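Please read these numbers as outputs of a predicted model, since none were measured by experiment. We count ligands from 1, going down the list as the structure has it; atoms in each ligand are counted the same way.
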Amino acid sequence: MTTFVVVGGDAAGMSAASKAKRDNPDLEVVVFERGQWVSYGACGLPYYIKGEIQSLEDLVSVTPEEFCEERDVDLRMGHDVVDIDPETRTVTARSEDDEEVVQTYDHLLIATGAAAVTPPIDGIDQERVHTLGSMSDGKELREYVSRALGEGHLQQPDGGLACQFLETCEGPVGIVGGGYIGVEMAEALAENGFEVHLFQRGDRILKSFSQAASESVLEHLAERNVAVYLNSEVEKLSGDGMVEAVVTSEERVPVEMVLVGTGVRPRTELAEDAGVELGETGAIATDSYRETNVADVYAAGDCAESEHVVTGEPTYVPLALTANRHGRAIGQTVAGTPTEGGSIAGTAAVKAFEMEVARTGILDHGEAREAGFEPFTETIETKSRAGYYPEGGPLQVTLTADRETGRVLGGSLTSEYGEGAVHRSHALVGAVTEGITLANLSDYDLAYAPPFNTTWDPVLTAAKVLEGKR
Ligand SMILES: Cc1cc2nc3c(=O)[nH]c(=O)nc-3n(C[C@H](O)[C@H](O)[C@H](O)COP(=O)(O)OP(=O)(O)OC[C@H]3O[C@@H](n4cnc5c(N)ncnc54)[C@H](O)[C@@H]3O)c2cc1C
C-alpha cells in the first residue's frame, strides 16, 4: 500500500489529506498534528475574541471524527513530528505521552504553518502580553476580554456584544503592529469598550495595501477612538512580571494588556533538518507542483513559498486560500493526477470597524521596478452606488499599472463595510492574473444596477482615468 504522510493538520495538511483519500481510496493517509485542533479557521479568531462567534468549536470546518470515520484518514493528534529521514523515508513523531512513533512514507507533505513573531522587545515575556497565532492564543485572549468585562457577558443568547458591561472594563490595552491582525484586534477590543493604543513602526498601517487605503483606515480608526502611534518603534514593555506600559522613544502609555501582531515566520526547522532547501524569502522553496528539492517531499501553506502571478518570482504571502489550494493540488498529485498548485496575486481583505479594504497584485513601486516595470498609480474617490440611490457611501479605487504597456499590476479598494470594495477587487484579480491592460479592463462588461454601483462601475472608471494619464 502507498502511504501519504502529512505533518500539520490545518488548512494545507487537511486539504491534501482529504483530497488524496477522496481521489484514491486505496492510499493510506496518515496525518500528524501536534496540537488538539485540526482544520480550524484561525482567520475567525479576532471575531471569536470580539464576541461575534460564540465558541472555538464553531471555527472548525471538519471535525477529527469526520476525518477519521467518514474520510478514513488516520489522524494522530497530539503527535509532534520531530524528525524526517528522507534516506529511510520515515518520520518520527513524539506523542503527548512521550512515546516515539516511527512512520514510513512514500509521499510526505510538510504543512507546518507559521508562528507568530515575538520581536526582541524588552519585557515581552511578561504576563498579559499575547500573540494571536493559534487557537489557544485565541482562547486566552477571549478569556482576558471576558474577565475584564465581567464573566459570562459574551455568552448572551441574542449574540449581543459586551458593551453593556463597560463599567467593569479594566483599562487601556496596547497593540504592537499595524498589520491586518493588529487592525482586526483593534476592532475586536474597541468594540468591547477597551481603550486601544496601536503602535506601528513605519509611517503607515496596512502597508501591503495602497497608501490611500492606509490613510482611509487610519482616519476611520481615529473616528473609532483607536489611538494610533505611527513611526513608533516599541522599545520596552515595562512592568514587574505583569505588563504595565508600552514604552517608545516618545511615549510611555499605561496598558493592562498587550497584543503583539508583528507578523509571522514560516516554521521550517523540521524541513531544514531533513535537507529541504529554503528560498530567498526564508520559506520552503518548491517547484510548481509544490515539491521540494527532496524527492516526494512536498510543502504547502504558511511554511512555503509561492510564485507571484505578475513576476513569476517566489514570494511569501501566508494566507488561507493559498494553503487550501496548494494542499488540494498536492492531494491530487499524490493520488495519481499531477496538479500544479497555481500562482498567487497576494490578494487580501481586511475589515476595520465599518470599513472594508482589499488589495491584489503589485502596488509597491520599488517591487514593480525590480520586476522590470515602469509603475504609475492613480486613486479615484467615488460612490459605491448610483448617486440618486438612497444608500451607499464613499468608494476608493487605487490602480497601479505599467506605463509602457498599460498592463494592470495591482489594485486596492476601500469602502464602507458591505459596500463592495472586496467583491470589486475580484475583477482586479482577474485583470492582474491574466496580464490585462488598462484599456482592456476599462472595457470589461461589469454588471450594473443602481443599488449596487454606478453605470460605469468605479473599477472601470479607475482604469479609464489611469489609462488617460499614460
Ligand atoms: C488571527 C489570524 C487571522 C487570520 N486571518 C486570515 C484572513 O482573514 N484571511 C486569510 O487568508 N488568512 C488569514 N490568516 C492566515 C491563515 O490562518 C493561514 O494562512 C492558514 O491557517 C495557513 O494554514 P497552514 O495549514 O499552512 O498552517 P497552520 O494553520 O499554521 O497549521 C499548521 C499546523 O501544523 C502543526 N504543526 C506544526 N509543526 C508540527 C510538527 N512538527 N508536528 C505536528 N504538527 C505540527 C501546527 O500545530 C498547526 O496546526 C489568519 C491567521 C491568524 C493567526
Side-chain angles (χ1 to χ4, degrees), residues 5-17 30-50 59-61 64 75-84 91-96 101 103 108-117 130-138 141-142 177 179-185 188 259-261 263-274 283-284 290 298-306 316-328 330 344 346-352 356-359 422:
V5 172
V6 175
V7 187
D10 195 23
M14 287 325 233
S15 298
V30 184
V31 178
F32 290 103
E33 165 55 50
R34 59 155 68 130
Q36 290 306 329
W37 296 91
V38 290
S39 196
Y40 47 90
C43 316
L45 286 173
Y47 307 101
Y48 167 72
I49 295 160
K50 184 179 174 184
L59 300 180
V60 172
S61 48
L75 175 59
R76 320 258 183 98
M77 286 161 69
H79 279 72
D80 191 7
V81 173
V82 292
D83 185 57
I84 297 169
V91 301
T92 305
R94 192 160 292 138
S95 76
E96 283 173 339
V101 178
Q103 170 70 50
L108 175 69
L109 168 60
I110 300 172
T112 44
V117 167
H130 298 262
T131 52
L132 181 57
S134 66
M135 295 289 264
S136 54
D137 293 340
L141 277 158
R142 165 101 170 218
Y180 75 89
I181 290 182
V183 168
E184 289 174 352
M185 282 304 296
L259 170 78
V260 179
V264 297
R265 59 161 192 83
R267 280 197 200 97
T268 56
E269 299 80 2
L270 186 65
E272 283 178 88
D273 290 349
I284 299 172
R290 324 323 316 172
Y298 298 81
D302 283 9
C303 62
E305 292 183 332
S306 305
Y316 180 63
V317 187
L319 288 173
L321 178 60
T322 310
N324 281 275
R325 273 169 74 202
H326 288 178
R328 191 174 193 278
I330 292 164
I344 63 162
T347 309
V350 182
K351 176 175 179 290
E356 58 179 64
V357 284
R359 59 97 56 223
V422 173

In the structure I gave you, are the side-chain heavy atoms of [X] and [Y] within less than 4.5 Å of one another anywhere?
X: Val357; Y: Tyr180; answer: no
X: His130; Y: Asp137; answer: no
X: Leu45; Y: Leu59; answer: yes
X: Ile344; Y: Arg325; answer: yes

Residue part near ligand 1, for Val7, under 4.0 Å between non-hydrogen atoms: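 It is the side chain that touches ligand 1; the backbone stays farther off.
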Does only the side chain of Ala93 get under 4.0 Å from ligand 1, or the backbone, or both, or neither? Count heavy atoms.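 It is neither part, as no heavy atom is under 4.0 Å.
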May I ask you to list the atoms of ligand 1 that are less than 4.0 angstrom from any heavy atom of [X]?
X: Ala11; answer: 23 (O), 25 (O)
X: Ala111; answer: 32 (C), 33 (C), 34 (O)
X: Ala323; answer: 22 (C), 23 (O), 26 (O)
X: Gly301; answer: 26 (O)
X: Ala114; answer: 30 (O)
X: Asp10; answer: 21 (O), 25 (O), 28 (P), 29 (O), 31 (O)
X: Ile181; answer: 1 (C), 2 (C), 52 (C)
X: Tyr40; answer: 31 (O), 48 (C), 49 (O)

*Report yes or no: does a heavy atom of His79 sit under 4.0 Å from some atom of ligand 1?*
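Yes.
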Query raised in the report: Between atom CG of Leu132 and atom CD of Glu184, what is the distance when rounded to the nearest 0.5 Å?
Result: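 Here the rounded value is 9.0 Å.
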So is [X] polar-close to ligand 1, meaning N/O to N/O under 3.5 Å?
X: Trp37; answer: no
X: Arg34; answer: yes
X: Pro46; answer: no

- Among Ala42, Ala115, Ala188, whose heavy atom sits nearest atom 1 (C) of ligand 1?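 Of the listed residues, Ala42 has the closest heavy atom.
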Heavy-atom nearest neighbour of atom 16 (C) of ligand 1 within options Cys43, Ala116, Gly138
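Checking each option, the heavy atom nearest atom 16 (C) of ligand 1 is found in Cys43.
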If you have a sec, work out which protein heavy atom is nearest atom 42 (N) of ligand 1 and how many Å separate them, to one decimal?
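For atom 42 (N) of ligand 1, the nearest protein heavy atom comes out as Val81 N, 2.9 Å.
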